[in-house]
Amino acid sequence: MFSRPTRMSFVPAIGKLFLLVLMVALPALSAPLASAAETPKKVLIFSGVDPNIPSVIMVSEIFRSTLEKGSSARVQFYSEALDNLRIPDDKYEQELVKLLQRKYQGEKFDLIFTITSPALKFLLKHQDELFPDTPTIFFNTSERDHEDFEPRTNVTGVQGGIELKSALDLALSLHPGTRRVVVVPGIGLRGRFWESLARKQFQSYGTNLEFTYPPNLTIEALRKDLGSLPQGTVVLFISVLADSAGNAYSLPESVSLVAPYSSAPIYVVYQDAFRPGVVGGRMISYEALAKAAAELGLRVLGGEKPQDIPPQNVSSVAMFDWRELRRWGIDEATLPPGSIVRYKDSSVWELYKWRISGAIALIVLQALGIVWLLFTQARRRQAEEAKNNLAAIVETSDDAILSKTLEGIIISWNAGAEKIYGYSASEIVGQHVSILAPPELKGEVQAILERLSRGVSVDHLETVRLSKEGMRIDVSLTISPIKNERGMIIGASTIARDITARKKAEVEELQHRKELAHLSRVTMLGELSGSLAHELNQPLTAILSNAQAAQRFLEHDSVDLDELRDILTDIVDQDIRAGEVIHRLRLLLKKGEVQQQPVDVNNTVQEVLKLIDGDLVNQGVTMHTKLAPALPTVKGDRVQLQQVLLNLVMNASDAMNSHSSIDRQMVVCTELSDGEDVRFSVSDCGSGIAPDELEQVFEPFFTTKPHGLGLGLSVCRTIISAHGGKLWAANNPERGATFHFTVPVSNEVNG
Amino acid sequence: MSQVEPTVFIVDDDPAVLESLSRLLRAIHFPVVTFGSPQEFLERHDPHTPGCLVLDVAMPGLNGLELQEALRAKGSVIPIIFLTGHGDIPMSVQAMKGGALDFLTKPVRDEDLLKAVAAALEKDRVEQQSRAELDDIQERLATLTPREREVLTHVVSGQMNKQIAYDLGTVEQTIKVHRARVMEKMKVNSMAELVRLTERLKRTE
């Protein structure tokens, strides 16, 4: 454990050390080999201006690195400077020539670079005295620098192409509202050259733009001038190398002295002048120029002759200072394609991308960790709360909640159980549950335990239990197995609800319904009295007439015994018929218990029709029956079902009261519907029921009869609902209405 | 027509009642024909058959009262005895207005029924007889010429022959001849008889 990290860090350390040794040793080994192969090439870099100004240093550096890299031979560099713009003295020039002759006596250069045109002029002037026949490559910043240059043997080079008009066009395109242009061409010979060139090239703008050329000024006056320019002005700063006070400046220097104070954007044409405070512009790129010159140098060192290589023009590039673009509100997107933008602020993000990413990742990870911790804590708290809630619910429940082992030993006992059964928890925990069962139901307890051990739960079992005082309590039991974490059944939970009150209410409700049904029947029988009179009168009439006929037959001389026998048979039959009417009436009036028995459907219908037949006849109603054969029995109370049928038939008969007797047709149907119900239908040919009253007719006290109570149909519906069926009304397609009711088929085999 | 024995027709939809009533009437030797429904009777009954009808009021389809109406519409004058389980007043009033002879309540005592049937048959007999007479007179009347009818009208109004002749624009002798022919065709012997016959006709018109 301790040694591993040490070894881990030690191995890369060795690797790094080895690499370092190789890197140091390799160049050291290869250098003597290269120098031994060829004599070194000698190259002189001759600057016309101060060799220490940055652009000259940069150009020399490009010459050096390009030749070092590109040449197969070793290259030795020499450098000299002229600086005769600042010191324009003939004596100095002569002395310098002498010095150089003296200094490089016996030396032979393979190549000379001149930087700026004064250097080239000086060398061409003194070529024969100093370095005759030495190949020379010039680096001139603009065409103007060599306009009086005559091609010579051994001389070629690069020159920058300055186009004032395209430089100004670019500036104007970036400042669309420009009305005024200040051109700074500098003073002296060069200044006049630039000014006349500018005036000539800018003629094409006509009067659209106002051009000013500041007169010969001191640098301070120029600074002041540029500092107070109005809006809509751009400055084209070409070159200032001296002022009217006789001070000489390098270009970078003069630009740096005035540009930061300008109130108008400054555009330049020399890269030298691209200093802080300058927006940029289309300018001669010294890098590009230097690289092109160095390439020429390589070719010459490689053996090509300078006279075979024509001088090259290097076109200017668009270059800008990002800070100034922002200052003048110029969008980078509007710059010409290929523009170089310098001094762009690197954002914090670019500088510290990895560190910032790392820090953010770390913070995110930490936040996730915290969230996870909070989440798990909340979940634990929730679970704990849920557990507490559950315990509180169990404890405050009105239901008895208890648990027991599979053997039936009581393990837990809540307050509800104490209230229902009367035992306290301390009394009963550890006892067997059968203590709660009445003697005749001990077997039930065992059966339940046996079911539970098989994983079968008990749902809402309504049974009876004993309280501590020995009172019988009606309870509804829901018992479920309890499993341990491996899924094994280890006990059971019981929820017992005291349903004594509900049971009592149910019994009362049943009683109430029974009485109402009876009351309704009695009322109905009152209405039926006419029919009953008819039903009794018919057999009584037949009996009386038969008996009196017999008396008269007996007075005849020859008694027809067959006739008498028939008469007696009829009397007996009619007496029985009358007895049956009474019997049916008594059955219907009986206030007996409601019985749930299998009831023969068609038989019940026929009995009812017999009861009401007299009434139907009285009312001139013709009854048709369509009774489906071989119907299963239904489960219910025969008397109540008859009551419903009777009610419907009487209503149907009443509904046709006002119609002529030919039209008083009634149909009673029975049929099996869906295989689970028997459907009874009673149809009349009356006027039907108003659509909005189809449901209303079943409401209590709804009646259309002058003397009706309006209870019949509401009682009928109660009866049919209690039988688990439905009672409804519908109008017939042609005329009249039909009342339908269904009663579930009895599951028992017909008895 | 008059040779046919008067018959008691019974209409009741309850076969047991129908049979018992039929027995009772047969026991006193009335010819009885029974029908199980009013429609059946209406279809098969000949209005000229002498007899009476014992009719149950409450029957499905066409009830007793409706049958009564239908019979009257057919021109039948058969006397009807109604039987009802529970006679209510509006029903009996309607029956009586329709020309019912009697309205009996079930169960009916044999004497009441027999009395009613006897009365009905008697009524029918008288009815049939007077109807036969009337038919006879009508037949005789039909044999007269239009001139003879005119003379008859004047004669029964008590006018003298002379006056009649003057009214009809003829001579007394001609009227005398007509008068004698009328008496002969109407099969009467006296003036009083002729007047009775014409009076009888007037009553039924």
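Just so it is clear, the values below take in all heavy atoms, side chains as well, and ignore hydrogens, waters and symmetry mates. Chain identifiers are assigned alphabetically (A, B, ...) following the order of the sequence lines, protein sequences preceding nucleic acid strands; residue numbering begins at 1 within each chain.
Heavy atoms from other residues, nucleotides or ligands lying under 6.0 Å from CE of Met191(B) number more than 12. Within a 6.0 Å radius of NZ in Lys74(B), more than 12 heavy atoms belonging to other residues, nucleotides or ligands are found. The 12-atom threshold is not exceeded at CZ of Arg131(B), counting heavy atoms of other residues, nucleotides or ligands nearer than 6.0 Å.
The most heavy-atom pairs under 4.5 Å with chain B, out of Glu563(A), Met623(A), Gln574(A), Gln551(A), come from Glu563(A).
If you take CG on Leu18(B) and OG1 on Thr541(A), they are separated by 12.5 Å, rounding to the nearest 0.5 Å. With rounding to the nearest 0.5 angstrom, the CZ atom of Arg552(A) is 4.0 Å from the CG atom of Asp110(B). In this structure, Arg109(B) CZ and Gln548(A) CD are separated by 7.0 Å, a value rounded to the nearest 0.5 Å. Atoms CG and OG1, on Asn537(A) and Thr84(B) in that order, are 8.5 Å from each other to the nearest 0.5 Å. One distance of note links CG of Asp570(A) with CD of Glu19(B); it measures 6.5 Å at 0.5 Å rounding. One finds the NE2 atom of His556(A) at 8.0 Å from the CD1 atom of Ile28(B) (value rounded to the nearest 0.5 Å).
Residue contact with chain A, scored on non-hydrogen atoms closer than 4.5 Å, involves the side chain of Leu114(B) exclusively. Both the backbone and the side chain of Ile567(A) come within contact range of chain B, judged by heavy atoms closer than 4.5 Å. Heavy atoms of Leu540(A) lying under 4.5 Å from chain B belong to its backbone as well as its side chain.
Along residues 8-15 of chain B, the residues that come nearer than 4.5 angstrom to chain A, judged on non-hydrogen atoms, are Asp12(B), Asp13(B), Asp14(B) in order of number.
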>> Would Arg23(B) and Asp566(A) count as a side-chain contact (heavy atoms from CB on, under 4.5 Å) here? Give the steps.
In response: CA-CA 10 Å; Arg23(B) 275 186 189 131; Asp566(A) 287 348; 3.3 Å; yes
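Considering all non-hydrogen atoms of both residues, Ser20(B) and Ser545(A) come closest at OG-CB, 3.4 Å.
Pairs passing the side-chain hydrogen bond (donor to acceptor under 3.5 Å, both in side chains) check and including a residue from residues 182-194 of chain B, sequence neighbours excluded, read Glu148(B)-Lys185(B).
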